[in-house]
Amino acid sequence: MSQKTEKLIDKKGLRLDGRKPDELRPIKMEVGILSNAEGSAYIEQGKNKILAAVFGPKEMHPKHLALPDRMVIRCRYHMAPFSVQERKSPSPSRREIELSKVIRESLEPTVFMEYYPRTGIDVFIEVLQADGSTRCASITAASVAMADAGIPMRDLVAACSAGKVDDTIILDLMDAEDKLGSADVPVALMPNHNAVTLLQMDGILTAEEFEKTVSLALEGCQKIYAMQKEALKTRYVSVKEVEE
Amino acid sequence: MSQKTEKLIDKKGLRLDGRKPDELRPIKMEVGILSNAEGSAYIEQGKNKILAAVFGPKEMHPKHLALPDRMVIRCRYHMAPFSVQERKSPSPSRREIELSKVIRESLEPTVFMEYYPRTGIDVFIEVLQADGSTRCASITAASVAMADAGIPMRDLVAACSAGKVDDTIILDLMDAEDKLGSADVPVALMPNHNAVTLLQMDGILTAEEFEKTVSLALEGCQKIYAMQKEALKTRYVSVKEVEE
Amino acid sequence: MSQKTEKLIDKKGLRLDGRKPDELRPIKMEVGILSNAEGSAYIEQGKNKILAAVFGPKEMHPKHLALPDRMVIRCRYHMAPFSVQERKSPSPSRREIELSKVIRESLEPTVFMEYYPRTGIDVFIEVLQADGSTRCASITAASVAMADAGIPMRDLVAACSAGKVDDTIILDLMDAEDKLGSADVPVALMPNHNAVTLLQMDGILTAEEFEKTVSLALEGCQKIYAMQKEALKTRYVSVKEVEE
Amino acid sequence: MSSVITRVKQKQIAQAIAKGKRLDGRDLADYREIKIEQGIIERAEGSARILLGKTEVLVGTKIELGEPFPDTPNEGVLTVNAELVPLASSTFEPGPPDENSIELARIVDRGIRESKAIDTEKLCIEPGKKVFVIFVDVYVLNHDGNLIDASALAAVAALLNTKMPNYEIKEGEVKLKPGYTPLPMRKRPITVTFAKISDKLVVDAWLEEEQVMDARLSMAIDDDGNICAIQKGGSGYFTVQEILDAAKMAREKSEEIRKKLKW
Amino acid sequence: MSSVITRVKQKQIAQAIAKGKRLDGRDLADYREIKIEQGIIERAEGSARILLGKTEVLVGTKIELGEPFPDTPNEGVLTVNAELVPLASSTFEPGPPDENSIELARIVDRGIRESKAIDTEKLCIEPGKKVFVIFVDVYVLNHDGNLIDASALAAVAALLNTKMPNYEIKEGEVKLKPGYTPLPMRKRPITVTFAKISDKLVVDAWLEEEQVMDARLSMAIDDDGNICAIQKGGSGYFTVQEILDAAKMAREKSEEIRKKLKW
Amino acid sequence: MSSVITRVKQKQIAQAIAKGKRLDGRDLADYREIKIEQGIIERAEGSARILLGKTEVLVGTKIELGEPFPDTPNEGVLTVNAELVPLASSTFEPGPPDENSIELARIVDRGIRESKAIDTEKLCIEPGKKVFVIFVDVYVLNHDGNLIDASALAAVAALLNTKMPNYEIKEGEVKLKPGYTPLPMRKRPITVTFAKISDKLVVDAWLEEEQVMDARLSMAIDDDGNICAIQKGGSGYFTVQEILDAAKMAREKSEEIRKKLKW
């Protein structure tokens with residue numbers, strides 16, 4: 001949020017990649033693509049390319065991390081060294097450690113944690129290419145991977161960012177909009193429960209702008225939720241075909 | 001000890017802060033000020049500002065560190081990044097690791113270690129501001145915190161440095177005297193047992209000078225011991241008043 | 001292998017240190033020289049000076065590393081900071097971690113691993129001075145140290161490098177030959193089993209050259225094997241003399 | 001482990017809050033007593049100690065010469081670090097920063113950075129080459145809940161207390177001169193954290209309340225009432241209405257607290 | 001732990017191979033299907049994804065300005081790193097590189113370096129001062145055996161796909177210019193790995209076969225059929241004859257595989 | 001764990017010392033046989049190996065170009081590191097330095113530094129910019145007690161054996177020239193360590209005695225008989241009289257040992 005330019009929205013009201021303010025980037029999801037994980041999903045959202053995999057439920061190692069009355073979710077959000085402009089060191093940055101935490105906390109509310117006491121599941125997210133709003137795309141993919149793994153859940157979690165650039169409230173920020181815009185609000189939603197499980201904000205917004213931005217992000221979440229269901233359905237159908 | 005200047009003692013025989021050679025800096029101690037620790041103490045000695053806290057006795061983690069016939073004392077001496085002139089990295093330096101060891105070994109002789117087999121206590125020391133002889137002030141405070149925690153002890157441990165600057169033997173070195181003087185001798189004493197539990201030295205002293213320096217440091221320890229008792233008494237009285 | 005010079009073999013066909021192409025460097029071995037290890041050996045091969053020590057078989061720590069049906073061998077190849085031209089940091093380099101693995105895997109085939117289930121042995125190698133082909137000399141010494149420790153083995157393991165410099169196939173490369181030559185092939189052999197337990201190569205060789213190089217290295221291994229037996233015999237004799 | 005409370009106590013806390021009451025007598029929207037002391041660490045360029053009830057946080061700032069980031073060559077650098085030192089709680093372990101201390105540091109950082117509280121262009125000495133680097137070290141000394149608000153407040157109080165060295169450029173080299181200038185501050189962002197307990201929003205939760213809460217929501221508000229940073233934490237969720245209610249209340253509470261800051 | 005197979009299965013694998021057969025129907029000298037995609041990570045200077053059956057490896061390259069090593073002042077720098085990221089296998093743990101990932105990176109590195117695949121002198125900008133540094137990051141996405149061959153192939157494919165930034169030197173400073181040049185490649189080393197099972201040599205072992213193998217032997221072969229790097233792994237051994245047989249077969253298989261690489 | 005001795009043995013050791021005797025026949029003030037070899041690591045700028053009974057320590061020194069510390073711009077830099085490598089004892093673990101190896105390094109460092117044994121001003125090449133940095137690496141090869149005295153002695157012996165490269169300054173750059181100069185040494189500090197067992201002071205305790213001792217006291221004595229560094233260790237204490245007795249005896253023993261050092 002360090003600089004302001006006046007070029008993120010053109011005279012026609014369109015964004016750098018030709019999108020309208022309330023338009024999502026093209027999204028592609030694939031489910032169940034990794035053979036060793038219990039569940040997995042791949043998402044492309046604009047130039048974001050992200051893999052999520054779920055292992056478990058399984059016994060916790062080390063054992064003292066297990067809880068007597070519920071499962072434990074661990075989550076690692078990690079970026080490939082070549083995913084960003086300047087090569088990123090593979091050791092986890094402070095940003096990656098924070099995002100791992102907030103992503104985990106955005107997934108936990110939907111899981112029936114008490115079904116598998118003393119066990120744990122691992123959610124691994126690898127950002128192969130990053131182009132803004134990677135935490136939202138990661139949550140979207142991870143939630144689908146959890147469903148693919150058969151983790152008992154109340155709901156999916158769909159995530160989308162909204163924000164403000166050039167005095168316009170926009171949906172699904174890409175990298176340039178995140179860096180040069182004036183606010184970024186990533187949101188995650190359990191669509192059937194009106195439950196916001198991730199909310200962060202960077203930038204400056206009035207109370208009114210904030211309300212608008214959140215509303216737009218929630219609309220984005222609902223659209224993404226529809227795609228999640230579609231991706232799972234496709235997977236289910238194709239698995240069934242293979243089995244028959 | 002790398003440089004010699006001739007200005008640490010003025011013509012009247014007084015030191016940079018106006019003290020006489022055998023004079024302690026102003027000392028302030030407070031006991032029991034941290035609500036989560038079993039025992040705690042705060043000391044100001046000149047510009048030194050140091051907190052000590054004691055947790056335990058409690059079960060050891062990890063368990064293989066426990067001893068079948070005695071308790072284990074762990075100790076961490078740590079400096080705040082802003083406690084010194086140049087910002088100090090928060091990760092422990094080699095100096096902090098050595099001081100943690102010698103401080104622990106200066107406290108151990110006074111504890112009835114065999115009273116609580118298989119348990120451990122943690123002594124945490126945070127130097128919030130450093131101005132020379134911090135290890136001595138840390139021991140003084142830690143010993144009081146251990147008493148506050150009710151750890152069974154033979155005696156308190158009082159610590160004080162002495163040294164040599166400009167051919168004068170002085171008591172309780174402050175930072176400039178430590179850096180520019182010609183010898184620094186930190187000493188810790190169990191005052192009722194004639195037991196020296198810490199002795200280190202940097203610099204150059206003849207055998208005679210050394211004997212004098214140790215004697216002066218021991219006198220300092222006795223004075224500090226009186227203050228420790230006073231601080232504990234005040235604490236005890238004020239606790240009693242609250243209870244009544 | 002980055003540069004080629006034409007001076008590694010002189011007009012008489014001799015090498016920088018006067019050796020013929022198929023000649024080993026002077027080798028000195030001593031067995032059982034460390035009092036705390038179950039077995040130990042010291043080797044000098046040219047300017048290489050290397051110590052190897054074996055601890056165990058003993059209970060594994062941490063326990064989850066133990067295997068129910070066999071012992072576990074751990075191995076650390078480590079270079080002293082002063083062993084090479086530029087001071088080496090004491091923390092293990094990626095090269096040292098790789099060499100620790102291949103050395104361990106060159107020793108494992110000879111051990112009756114199933115004799116001591118749930119236990120482990122540690123092989124520690126310290127390179128005090130390095131002058132090329134240190135991994136081979138390390139294996140040679142470690143194997144002798146294992147024999148000294150009484151580890152039940154099918155055979156000793158003898159190791160030797162061969163390679164190519166100035167279009168000549170040579171035995172037992174020293175540092176300059178390793179750095180400036182065109183290929184380096186370290187080999188380890190169980191001499192009575194025709195079993196190659198280490199094989200690596202850096203550089204470029206035709207299939208024919210490769211075959212020649214391996215043959216030469218194996219001849220070197222056989223010569224070194226004779227010295228290993230001699231060193232163990234000397235040790236055995238001297239121990240016997242002491243006992244008598 | 002004196003910090004883990006019984007299930008009975010947890011139930012009492014939750015039931016009281018369900019009825020709009022708190023065990024320590026506060027209203028849901030009440031902070032504990034706030035004490036602010038500035039300038040207590042003379043060695044630091046700036047410092048402040050905050051007491052929020054028994055929660056105690058010390059922040060010290062240091063200023064060093066350094067290089068700017070390539071994408072902001074005209075701006076000084078802000079670095080926030082948080083240490084959950086083990087004397088503050090039996091649940092804090094010595095060692096490198098864990099996810100909790102990293103999150104805390106990053107929340108404090110964002111409140112300052114996104115509100116543009118510091119005029120970082122005034123920290124530039126030579127564009128692209130030399131700038132002042134400000135280290136803000138958050139030191140939690142006693143943990144009795146709501147470390148986020150206490151730390152954010154202590155950081156701003158310390159920055160308001162921070163003196164910047166004078167300097168001159170002689171023959172291409174930066175020399176520090178005697179004397180100081182106050183750090184160029186533009187804003188005083190205040191962070192207000194809500195705990196969700198029994199479907200109510202509670203401000204300034206203390207330690208035992210935090211053990212009962214479903215989730216927390218922190219909002220940094222600048223001097224003009226704008227929101228400049230948000231962080232949801234915990235494994236529960238918020239409804240949209242709760243979020244909007246929180247935004248409104250955060251604005252009110254931040255104004256109250258900001259008045260306590262000397263500038 | 002879905003990746004640990006039963007003793008019964010192990011026996012079946014070994015017995016089949018003893019008869020020259022493999023459970024998936026391949027001959028001992030057959031690779032699984034190889035798919036190569038290049039250029040799929042636009043942010044990277046070069047990239048390639050290899051599928052070897054279900055084994056999946058992604059390699060991305062980055063190019064940065066840096067300093068040469070003192071002993072090779074006229075050459076650019078090659079740095080190979082491998083990450084066994086935990087989503088690829090339940091046996092991979094998050095954390096710093098272990099001996100397996102370090103060995104993998106060093107095998108891939110040696111194949112490229114010893115074959116002189118890259119004309120590193122063309123990466124020199126100012127001798128002794130400024131060169132291009134190439135980072136080759138091997139990212140294992142799914143582990144179903146034979147990571148070495150898949151990684152080595154993906155690395156070469158990514159290098160063949162790598163573009164080098166144009167630059168000019170103005171007033172002693174290197175400035176990047178618009179446009180790119182292909183990385184100066186001279187060779188396409190191919191690594192062929194043999195697993196020894198039931199005293200037979202098998203190429204391209206998949207995960208379950210690797211759990212049965214006694215040892216493995218990897219050989220990198222350059223475009224002229226020369227051997228340029230070898231690594232024996234595992235706690236078994238090879239006879240001299242096995243080694244020579246492997247060298248011969250590696251030459252044949254490497255030619256086959258090299259044909260799949262676009263240049 | 002061959003290094004842990006039985007309680008019976010411990011009792012025997014303590015009872016013998018109470019009567020002024022030691023199980024290996026030495027008097028309380030006797031060192032074991034000391035062997036000093038210098039110059040055994042040709043790759044190092046200096047080296048020495050000490051045998052103190054079965055305790056064996058190797059020290060190698062390296063000299064590199066570097067920058068002086070800001071507060072001593074005219075002096076070279078001394079860096080002492082100690083490795084308790086695991087082949088020396090089953091109680092030493094591989095890994096980063098622990099408190100024991102750090103304490104050992106710092107005791108050795110202080111003996112050299114505080115006695116001003118090296119004329120560090122002669123290691124300055126360009127004040128404030130370029131100096132020689134001396135690395136003293138203490139490598140414990142076999143631990144049979146009294147590592148402090150053996151390491152301190154090996155370090156001084158290695159320094160006395162250290163050669164400093166010749167150099168010249170051409171066009172502002174330091175170039176090393178052929179040939180060497182001895183390191184400018186002024187003093188030969190000797191460290192004498194006392195173990196307190198059965199209320200007696202014992203010098204040069206071997207491993208089994210160390211397991212019985214209450215505390216240890218190390219004193220570094222320079223060529224003029226001055227004390228230049230002290231370290232008390234262990235969880236026991238000393239009386240003032242014991243300390244003064246130790247100081248006297250350290251002076252005597254250090255003179256004896258110093259005679260063994262070639263200069």
Side-chain angles (χ1 to χ4, degrees), chain C residues 32-42 44 46-59 61-62 74-92 96-97 100 120-132 134 138 141-142 145 149 175, chain F residues 1-4 39-49 51 53-66 79-97 101 105 133-145 158 161-162 206-208:
Chain C
I33 47 165
L34 296 176
S35 66
N36 293 320
E38 264 78 39
S40 60
Y42 173 70
E44 284 187 17
K47 290 189 177 167
N48 284 325
K49 299 187 180 196
I50 299 171
L51 267 174
V54 174
F55 289 81
K58 57 184 179 184
E59 216 184 318
H61 286 286
R74 288 184 295 197
C75 176
R76 185 175 101 132
Y77 164 96
H78 188 241
M79 302 183 93
F82 44 76
S83 64
V84 281
Q85 208 52 46
E86 297 252 314
R87 179 177 185 269
K88 202 212 137 279
S89 155
S91 62
E96 283 169 297
I97 291 170
S100 297
I121 67 171
D122 282 311
V123 178
F124 296 120
I125 294 160
E126 290 292 338
V127 177
L128 305 178
Q129 183 160 273
D131 189 29
T134 57
S138 297
D175 194 41
Chain F
M1 302 276 279
S2 54
S3 56
V4 176
I40 54 172
I41 301 294
E42 301 92 334
R43 284 276 151 92
E45 267 75 55
S47 60
R49 189 173 76 128
L51 281 165
K54 286 185 186 165
T55 286
E56 182 175 354
V57 176
L58 177 63
V59 169
T61 63
K62 299 295 280 181
I63 296 190
E64 293 182 5
L65 290 174
T79 300
V80 178
N81 182 58
E83 295 285 313
L84 302 178
V85 289
L87 54 67
S89 165
S90 62
T91 62
F92 296 168
E93 309 244 339
S101 61
V133 179
I134 308 180
F135 290 93
V136 174
D137 279 290
V138 175
Y139 231 63
V140 174
L141 298 182
N142 200 51
H143 176 19
D144 196 37
N161 172 253
T162 297
W206 67 300
L207 193 56
E208 298 192 353

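Protein chains get the first letters and strands the later ones, always in sequence-line order, with residue 1 at the start of each.
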- Task: I would like to know whether N142(F) and N36(C) meet side chain to side chain contact (heavy atoms under 4.5 Å, CB included); could you show each step before the answer?
- Result: CA-CA 7 Å; N142(F) 200 51; N36(C) 293 320; 3.5 Å; yes

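The environment of NZ in K58(C) is crowded: more than 12 heavy-atom neighbours from other residues, nucleotides or ligands sit within 6.0 Å. Within a 6.0 Å radius of CD in E86(C), other residues, nucleotides and ligands contribute 12 heavy atoms or fewer.
Heavy atoms closer than 4.5 Å to chain C are found nowhere in I63(F), neither backbone nor side chain. Of the atoms belonging to R76(C), it is side-chain heavy atoms, and not backbone ones, that fall under 4.5 Å from chain F. E64(F) touches chain C through its side chain: at least one heavy atom from C-beta onward sits under 4.5 Å away, while N, CA, C and O do not. Contact of D122(C) with chain F is not made at all, since no heavy-atom distance falls under 4.5 Å. The contact between P94(F) and chain C is made by backbone and side chain atoms together, counting heavy-atom distances below 4.5 Å. In this structure, chain F has a heavy atom under 4.5 Å from the backbone of S83(C), while its side chain stays farther away. Proximity to chain F is limited to the backbone of V84(C), based on heavy atoms less than 4.5 angstrom apart.
With respect to chain F, the highest number of heavy-atom pairs below 4.5 Å among P92(C), A53(C), G56(C), P81(C) belongs to P81(C). When each of V59(F), N81(F), D144(F) is scored by its heavy-atom pairs under 4.5 Å with chain C, the top score falls to N81(F). Chain C forms the most heavy-atom pairs under 4.5 Å with one residue out of P86(F), A88(F), P97(F), A44(F), and that residue is P86(F).
D175(C) has no carboxylate O lying under 4.0 Å from a charged side-chain N of K47(C), or vice versa, which leaves the two without a salt bridge.
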